[in-house]
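One structure, pasted below without further comment.
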2 protein chains.
Amino acid sequence: MPTSTVEQYIKTIYQQEERCAHDIVPMKQLSEAMGVTPGTATAMVKHLAERKLIRYEPRKGVRLTAGGRELALIMVRRHRLIETFLENVLGYDLSEVHEDAEQLEHAVSDKFIERIDAYLGFPPADPHGDPIPSAEGHIARRDSVPLDHCETGDSIRVARLRNDDPAFLLLMKEQRLTPGEVFVVIDKNETAGTMTVQHNARTRKTNTPFTISMGNSTRIMVEPTGEQ
Amino acid sequence: MPTSTVEQYIKTIYQQEERCAHDIVPMKQLSEAMGVTPGTATAMVKHLAERKLIRYEPRKGVRLTAGGRELALIMVRRHRLIETFLENVLGYDLSEVHEDAEQLEHAVSDKFIERIDAYLGFPPADPHGDPIPSAEGHIARRDSVPLDHCETGDSIRVARLRNDDPAFLLLMKEQRLTPGEVFVVIDKNETAGTMTVQHNARTRKTNTPFTISMGNSTRIMVEPTGEQ
DNA sequence: GATATAATTTTGATTAATCAAAATATATTA
DNA sequence: TAATATATTTTGATTAATCAAAATTATATC
């Protein structure tokens, strides 16, 4: 049985892999995401590699093995089903679900999760719109497309950033073009080779438009929100 | 914040106090109930005493302080509400609820418990019939009476045994006259000074009658089952 | 390419919880 | 009461997870 700490590391590595172009996760990124010192992460990573949950390349970083990915998807399934339950059944606010789910996901049994799934009517996605992996570890491939495939007026959600250039990622962060964020394409200028996007006014206080080159926009994977 | 191990010890001490005449819980009883070696229990008990959750009398045993009792009742509340939820909402069998509740009770937040309580309609008792302590730590005093106050035909549940004589307790265990067990009084003979009880035929395979002296029957606290 | 900077690993310690086995105290029995 | 059995505590070790700080190795800059 993996300890809850092991589960948490594996889930975090999975999430970090999702957020980078290169699938290898550097130690700094992992230790920051886990909120531990780098030395602690190194020690843990060696242990996870022995358990065959990850591949560890010293001085480079880590990537999940098939077994690690399996465990990660179990944890993601638990987390998302619990969040859905907290919101739909117990009436939690969306901002409150994460904290409690983070604790519960390490304490629930498989039986509990399957019962919750049935009780909720086998929902395909959690309250954030993220797909819930099946009990067998299958997760719906989100039909994300590069931003430059979108048209003016499209309402979209950022799925992932296919680029790990720090300057690019920093810019994305400053502009809040990070996974999960919702936008509208307010202009697509083929001649100038630019796209302009803007946060939805009712979800953001500051929503100044942001213009990006068509070339860079291919690095931003988005999916339709289904709105409008 | 108490760790889940601390929570478990405190809950266990509370339960053991309920099950003995003398409110002091000897180390052997505690270590066996916790499933750890006696030395481990001693070490932990010192820690709990420093935290002012228990009073520790070396070579004698332990008893809860007011603060310890408060924590114990929080844990009992969590456990019983979770069991109720698992049975009433998720359709668990009664025999399955304990195992999952035992894990979850250490992972849930106060918010979660209060929401579950409301969702269940503020139930007064869990599926075993045990009262659920309030959020403020009040628990309904079970209206238990000594067995000799019962009459022939009464259907009763054992609440607690007010005697810690090992032979007596062993006998009670052999006859399955332990807390939670359900019986019918089939004879009360004032002249002979005896009472005879029998397990309910549909809950027990072996249900040979058992006769006990009136004197000893005062040590067995029971409550009406509400049946018949 | 030499040096400064940043990332990573190593080392030595710490805390919570545990066990096995030795030492000690208490209770029982003969 | 002395001998034996039982309960309890102590001692020394272990494991998982962590930190701080030193040592090492990449990477970036001049």
Side-chain angles (χ1 to χ4, degrees), chain A residues 1-13 16 20 22 24-63 71 75 102-103 105-107 164-170, chain B residues 1-13 16 20 22 24-63 68 71 75 102-103 106-107 164-170:
Chain A
M1 300 292 102
T3 66
S4 67
T5 308
V6 166
E7 289 175 347
Q8 194 62 32
Y9 272 90
I10 293 299
K11 199 188 68 174
T12 302
I13 293 167
Q16 298 305 313
C20 308
H22 292 122
I24 197 159
V25 180
M27 297 307 292
K28 195 187 185 215
Q29 193 179 331
L30 176 57
S31 64
E32 279 178 1
M34 282 297 300
V36 298
T37 60
T40 299
T42 298
M44 190 42 145
V45 139
K46 287 178 178 174
H47 176 231
L48 297 176
E50 264 173 32
R51 300 259 242 119
K52 308 272 192 205
L53 292 167
I54 62 172
R55 195 88 43 75
Y56 168 44
E57 295 184 33
R59 303 267 165 198
K60 293 261 182 61
V62 296
R63 45 165 61 95
L71 177 57
M75 299 315 297
E102 204 66 11
Q103 295 303 315
E105 67 190 17
H106 305 296
D164 61 356
D165 172 15
F168 177 80
L169 292 174
L170 188 62
Chain B
M1 300 294 100
T3 66
S4 66
T5 308
V6 167
E7 289 176 345
Q8 195 61 33
Y9 273 91
I10 293 300
K11 199 188 68 173
T12 301
I13 293 167
Q16 298 306 312
C20 307
H22 293 123
I24 197 159
V25 180
M27 297 307 292
K28 193 184 186 219
Q29 192 180 332
L30 176 57
S31 65
E32 279 178 2
M34 281 297 300
V36 299
T37 60
T40 300
T42 299
M44 189 43 145
V45 139
K46 288 178 178 175
H47 175 233
L48 297 175
E50 265 173 30
R51 301 259 242 119
K52 309 272 191 205
L53 291 167
I54 63 172
R55 195 87 42 76
Y56 168 44
E57 295 185 33
R59 302 266 167 199
K60 294 263 183 60
V62 297
R63 46 165 59 96
L71 177 57
M75 298 315 297
E102 205 65 10
Q103 295 303 315
H106 304 295
D164 61 356
D165 170 16
F168 177 80
L169 291 174
L170 187 61

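Computed from a predicted model, the values in this text were never measured in an experiment. Each chain gets a letter, A, B and so on, in the order the sequences are listed, and its residues count up from 1.
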Length of the line joining B:Arg51:CZ and C:dA16:P, which is rounded to integer Å: 9 Å

Distance, rounded to the nearest Å, where A:Met44 contributes CE and D:dT15 contributes C1': 12 Å

Spacing between B:Leu53 atom CG and C:dA16 atom P, to the nearest angstrom: 14 Å

A:Arg63 atom CZ, neighbour heavy-atom count above 12 within 6.0 Å: yes

Contact under 4.0 Å: A:Thr37 side-chain N or O vs D:dA20 OP1/OP2: no

Length of the line joining B:Leu30:CG and C:dA17:C1', which is rounded to integer Å: 14 Å

Name of the residue among A:Gln16, A:His106, A:Glu105 meeting side chain to side chain donor-acceptor pair (under 3.5 Å) with A:Lys11: A:Glu105

Which residue lies more 5' along DNA chain C, comparing A:Met27 with B:Gly35 via nearest heavy atoms: A:Met27

Side chain of A:Thr42 (C-beta onward), nearest among C:dT10, D:dA7, C:dA17: C:dT10

Contact summary for A:Pro2 and A:Glu7, nearest pair of heavy atoms: O-OE2, 4.0 Å

Length of the line joining A:Leu48:CG and D:dA16:C1', which is rounded to integer Å: 12 Å

Distance in angstrom units between A:Lys28 NZ and D:dT27 C1', rounded: 13 Å

B:Lys60 NZ to C:dT26 C1', straight-line distance once rounded to whole Å: 11 Å

Nucleotide nearest B:Val36 (side chain, heavy atoms from C-beta), chosen from C:dT8, C:dC19, C:dA17: C:dC19

Residue mapping more 5' on DNA chain C - nearest nucleotide basis, B:His47 or B:Gly39: B:His47

Closest non-hydrogen atom pair between A:Thr3 and A:Arg51, with its separation: N-NH2, 4.3 Å

Audit row: B:Leu30, B:Val36, side chain to side chain contact (heavy atoms under 4.5 Å, CB included) steps and yes/no: CA-CA 9 Å; B:Leu30 176 57; B:Val36 299; over 6 Å; no

Which residue lies more 5' along DNA chain D, comparing B:Gly61 with A:Tyr9 via nearest heavy atoms: B:Gly61

Sugar-phosphate only, base, or nothing, as touched by B:Thr40 at under 4.0 Å among non-hydrogen atoms: base

Sugar-phosphate only, base, or nothing, as touched by B:Thr3 at under 4.0 Å among non-hydrogen atoms: sugar-phosphate

Out of D:dT8, C:dT9, D:dA20, whichever nucleotide has its closest atom nearest the side chain of B:Arg59: D:dT8

Interatomic distance, B:Glu57 CD vs D:dT8 P [rounded to whole Å]: 13 Å

Options C:dT18, C:dT10, D:dT9, nucleotide nearest the side-chain atoms of A:Lys46: C:dT10

